[in-house]
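Side chains included, hydrogens not; waters and symmetry mates left out as well; all remaining heavy atoms used.
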Amino acid sequence: MGGRLYLGPPKTAGSAREVHLPPFIEGTHFHDLRHTHKTWLIEDDIPEVAQAKRLGHRLAGV
């Protein structure tokens, strides 16, 4: 698709994002980047509610 990765429709219209990625090296998967980003947020002491918003999650009771 012209050098673009499409995984399917987002869960909601508000969760649609454009993410620019370098070419994947062997053994690295697209979803690994999400876990890496979450780890960086934790290491930087980003509040959990801000982490959830950044990753498109909702926290129970918030």
Side-chain angles (χ1 to χ4, degrees):
M1 290 194 187
R4 294 179 177 258
L5 174 64
Y6 289 96
L7 299 177
K11 292 178 187 176
T12 66
S15 65
R17 294 173 178 79
E18 186 171 313
V19 180
H20 300 275
L21 303 172
F24 287 98
I25 58 176
E26 192 172 318
T28 301
H29 303 280
F30 179 77
H31 198 76
D32 295 342
L33 298 174
R34 188 172 178 84
H35 293 283
T36 300
H37 187 61
K38 172 74 171 175
T39 299
W40 291 341
L41 294 172
I42 292 168
E43 288 176 350
D44 288 342
D45 295 321
I46 304 301
E48 188 174 1
V49 68
Q51 292 177 35
K53 182 173 178 147
R54 176 77 177 202
L55 297 170
H57 296 165
R58 290 188 184 158
L59 295 178
V62 176

message = For Arg34, I'd like to know if atom CZ has over 12 heavy atoms of other residues, nucleotides or ligands within 6.0 Å.
response =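 Yes - once you tally the heavy atoms of other residues, nucleotides and ligands closer than 6.0 Å, there are more than 12.
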task: Please report the closest heavy-atom contact between Leu59 and Ala52, naming both atoms and the distance.
output: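 Shortest heavy-atom separation between Leu59 and Ala52 comes out as CG-CB, 3.8 Å.
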Checklist entry - Does any pair with a residue in residues 34-57 pass ring pair (Phe, Tyr, Trp, His ring centres under 6.0 Å), and if so which ones, sequence neighbours excluded? => result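 Every ring pair (Phe, Tyr, Trp, His ring centres under 6.0 Å) pair that includes a residue of residues 34-57, provided the two are not neighbours, is His31-His35.
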Expected list for residues 44-51: side-chain donor-acceptor pairs under 3.5 angstrom, two or more places apart:
unit_1, atom_1, unit_2, atom_2, d
Gln51, OE1, Lys38, NZ, 2.6
Gln51, NE2, Ile46, O, 2.7

